[in-house]
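All remarks here apply to the structure that follows.
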Amino acid sequence: MHEPVVSLADVSFRFPDDQVNTLNGLTFTIRRGERVVISGPSGCGKSTLLYLLNRLYPLNCDGIVEGDIRLFGKRADDYRPGEINRLIATVFQDPDSQFCMTTVEEELAFTLENLRVSRADMERRIVDVLAQTGLTDFRNLVIQSLSGGQKQRVATACALVAEPEVLLLDEPLAHLDPLTARNFVRWLDGIQKQTGLTVIAVEHRLDLWEGFFEREIVLGSDGQMIGDHTADSKAPVVFPKRASGMTGKPALSVSDLSVEISGKQLLELLSFDIGEGEIAVIAGPNGSGKSTLAKALCGIYKHTGTVKSPGTGYVPQSPEFLFLTNSVQDELSFSGLATTKMLDDLADRLKLKAIWDAHPFAVSHGQKRRVAIGAMLADNRPVIIMDEPTSGQDVAGLQELFSLIDERSREGITFLIITHDMEFASAVADSVILIKDGRLTGKFMAEEVWENPALLNAHHLLPPKGADRREPAFA
Amino acid sequence: MLKSWKLKEIVLMSLFGVVFGIVYLVAIHFGNIWAGLIGPIAYEWMFGIWFIVSILSMAIIRKPGAAVLPETIAAIIEVMLGNAVGPRLILSGVIQGLGAEAAFAATRYRHFNLAVMMLAGAGAAVFSFVYGYFVSGYAALDPSFVLLMFTLRLLSGAIIAGIGGKYLADGLLATGALRGYAISRTKQGGAGA
Amino acid sequence: MSRLLHDMNPSVKFIIVTVSMLTMAFFFNPWTPLLFWIGILILQMTMSRINWKLWALMMLPFTLGAVGYLWTTLVFGADTGGEVIGSFAGIEVTDQQWAHAWSLTFRVLAFSTLSLLFAFTTNPVTFVMSLMQQLKVPPKIAYGTMVGYQFLPVLKDELTQIRQAQRLRGVGQDRHWWHRITGTRRLLIPMLAGAVRKAERAAFAMEARGFTGERRMEFYRPIKVSGRDYVLAGVFLVVLALSCAGGIVLGK
């Protein structure tokens, strides 16, 4: 057995403004070279636990720690600020907010300067880590010009350049599409095998990791440990079977739609029809024009061709971008188009009564989405486009999203949903619209698409699990 | 002084500086170049916009320096973005920030109500005007005209920065985003200790 | 030769620019700022490679501002005595006022040219790194500023998304400036709320990589002050001194 790198004995944690503990009586030991995942529902304190290991907490939040945390055999409190970060490095979830310098090279040097590496050593370590991570060609690139997946690799390189013993991962796949996520995991697998790093991750969607982890520590919603066992490959999120809500009447009709913005042809001659109550998934590679299509359909972008619709609404990935007022109620009544009775009915159906007077920014993400849909329906927009609603969602979030969409479709609301998540798509979609390079590949019945791996592959999509069981799981 | 500052607070002030910079450029867009023809008085009434970031940051963070630092950082970022007013923005940023800071220091960082914030806006206006008087040579102008400019700037500081800053701080507090910052620890977000 | 100003140490350049501006503030004769303005233009033309078209475009608002200064000082000039040299629409202008007006006008032009010289020849990242290395700006401030700079494209895109979403809700472009000011609240609140979240994430990512805000001993890319910087600073100071002296002589 290898020596312990992290050990916790009866550790509890409380934020200064809270009455109850976020973490309760945690006891476990992690040894060198282990691959451990910490799982649990949203808000169970997974990330808080991670921040206790890299010493971001308790200092950053003035939190109260009880019990004994030992890192490499030494009490956590005995480390000077920044000292532990030589040994324990972290990659976070948001690819956009992990960098402070312009180029990859400068960002790597930032870590090395923090750790007071001598200038003579810096060059060697930068060259080494770039070679190790396969990023040598990225050295002089501007970080903000990279894609999300590339940024996460750069963030990992910036952690590894410290030559740490432990790598902490805080939901590193949350903002990546499934294909990019899978490639990231395989890439990380190679690096771990090469270095023998200890990897401790916080993650709620284990299915994306295939067989990466050896051990799973499960936290309950009250911050207690409810499991510590061998990790098994997780089945994907399970959704109930749904019956289509299509009424047979037409809803949205698009013909010869083209969009050109500042001289660039973003969409070219798209034509398709969507029926009332239909749920259509829009999918395609990044940059293929999905969001452009969404914005053209609801009238944000100018377009040529015709779009016939009873009223098209749009819910951006961050629903709060739509909000204009200080309460949920005002949000729904903002346009003044809905009568009091209609509002009351919407509040009931969308379960908004409990937060009726709350500030729309202060409610949960799932509730924000409900408020946004409520606002669209109150504005008489029965065709709703949702832009990447699956991004960053945990199991509970995805299931809630499913029932939200499913229930509305049975009320005759039509949905167009942009997503890369074919697991979710296969559960919810009646039809799939595939787009590539600004052109419509076609509108397909959902089942047709799942049975056609080549078609999915051409659009940078992973088939839903269960559709293709021969997909080899790697380990 | 910086010891007691958390990095997240400093980064917060920096991002606030960028947000105000962008919103100003994109959404308000008074950058109407022809206004220059009207002469130095054309911009007086909107000087307060530049002081908001000081007052908002102080309202949230409530530490000595929370007015002067954001104004300084915002000025450095403006220069990085290639603002044509150039390096002298940094000096004027520090001076304006000190003006706002003076008002909070005078109340010993205990009160963050509307009156103190308007005073801070006025303080920033006074400091920036004194500096402007020297650098832009207002001495060559008729005293009554200078007085008119000063009054406009003072009102702008107190109203746009003071009232506007308080209004934004309250609005932001209501969104629940400020959990963990000093403003959330006092019961009624404003009325002091 | 022609890229000297681009390679000049940014902190030295910054100090020289600031000193020059503060010095100009003591002169109310038209010659000093005029001479200095010409001097700066010559330095810019001989020691830098810039896009003069863009330069002219950026100079335009300042030129209009200078005109604004000119007539403001003529119409609302301080009563300084001296001989009346002309009148227009009932406003009498003395020789003193005439001199002051041109002095302030050239001052605006000289300041603007100096500012553009700095903006066109200075790399923003190098500037902040130099502030930290030469002028001892604390690393927390320097890197905090860098983060803000990196977030610019992200926040700009976010603003676009918010405006588009709000337009869909029926919030249009406000026509009047007072509406635009009050309307910015709707844009500012989501932007600021997002900034609070992003600031914490970015700060955590930096600290998790060992950033403590302590002063650094060694830099990957040290920014140095070389003999050339002192020579260039000397050149600027000579131009400044000659303008001051020239102004005093010619102003008599």
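Below, chain A is the first sequence line, B the second, and so on; all start at residue 1. FYI, side chains are in, hydrogens and waters are out, and symmetry mates aren't considered; it's all heavy atoms of this structure. The structure displayed is predicted, hence computed values, not measured ones.
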Could you check whether any side-chain heavy atom of [X] comes within less than 4.5 Å of a side-chain heavy atom of [Y], counting everything from C-beta outward?
| X | Y | value |
| --- | --- | --- |
| C/R201 | A/F92 | no |
| A/C100 | C/F211 | no |
| C/Q161 | A/P316 | no |
| A/F99 | C/F151 | no |
| C/R221 | A/R119 | no |
| A/E113 | C/M217 | no |

Subject >> Nearest non-hydrogen partners of A/N85 and C/A208, listed with the distance >> reply: ND2-O, 3.3 Å
Original post:
What pair of heavy atoms forms the shortest contact from C/R209 to A/E107, and how long is it?
Top reply: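 Between these two residues, the closest heavy atoms are NH2-O, 2.7 Å.
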Subject >> Portion of C/M129 that has a non-hydrogen atom of chain A nearer than 4.5 angstrom >> reply: side chain
**OP:** Answer with side chain, backbone, both or neither: which region of C/P153 has an atom nearer than 4.5 Å to a non-hydrogen atom of chain A?
**Re:**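 Looking at C/P153, just its side chain touches chain A.
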Original post:
Does atom CZ of A/R124 have more than 12 heavy-atom neighbours from other groups under 6.0 Å away?
Top reply: yes
**OP:** May I ask you to name which of C/I162, C/V154, C/V147, C/T145 has the most heavy-atom pairs under 4.5 Å with chain A?
**Re:**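 Among C/I162, C/V154, C/V147, C/T145, the one with the most close pairs to chain A is C/I162.
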Original post:
Which residue out of C/R197, C/M206, C/K198 racks up the most heavy-atom pairs below 4.5 Å with chain A?
Top reply: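 Highest number of pairs under 4.5 Å: C/M206.
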Original post:
Any ion pair linking A/E320 and C/R186 (charged N to carboxylate O, less than 4.0 Å)?
Top reply: no
Subject >> Trace of the side-chain contact (heavy atoms from CB on, under 4.5 Å) decision for A/Y301 with C/Q164 >> reply: CA-CA 9 Å; A/Y301 286 158; C/Q164 290 176 344; 3.3 Å; yes
**OP:** Measure the CD-OG1 distance between A/E83 and C/T212 for me, rounded to the nearest 0.5 Å.
**Re:** 11.5 Å
**OP:** Could you grab the distance from atom CE of A/M376 to atom CG of C/L168, nearest 0.5 Å is fine?
**Re:** 4.5 Å
Original post:
For chain C, which of A/P81, A/G82, A/S97 has the most heavy-atom pairs under 4.5 Å?
Top reply: A/S97
Original post:
Counting heavy-atom pairs under 4.5 Å to chain C, which of A/D96, A/L115, A/N54 comes out on top?
Top reply: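 Most pairs with chain C among the choices: A/D96.
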Original post:
Does the pair A/S118 and C/E218 meet the rule for a side chain to side chain donor-acceptor pair (under 3.5 Å), with working shown?
Top reply: CA-CA 7 Å; A/S118 73; C/E218 279 201 274; 4.9 Å; no
Original post:
Distance only, no hydrogens: is a donor on one side chain within 3.5 Å (strictly under) of an acceptor on the other, for C/E207 and A/Y51?
Top reply: no
**OP:** Kindly write out the residues that satisfy side-chain contact (heavy atoms from CB on, under 4.5 Å) with A/R139, not counting sequence neighbours, or none if the list is empty.
**Re:** A/E105, A/E123, A/I126, A/V127, A/L130, C/Y220
**OP:** Please identify each residue that fulfils side-chain contact (heavy atoms from CB on, under 4.5 Å) with A/S147, with sequence neighbours left out.
**Re:** A/Q150
**OP:** Tabulate, in ascending numerical order, the residues of residues 321-329 of chain A having at least one heavy atom closer than 4.5 Å to a heavy atom of chain C, or enter 'none'.
**Re:**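 A/F321, A/L322, A/F323, A/L324, A/N326 fall under the 4.5 Å cut-off.
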Original post:
What pairs with C/F106 under ring-ring contact (aromatic ring centres under 6.0 Å, His included), at least two apart in sequence or on another chain?
Top reply: C/W102
**OP:** Side chain from CB out, backbone as N, CA, C, O: work out which of these in A/E106 comes under 4.5 Å of a heavy atom of chain C, or both, or neither.
**Re:** side chain
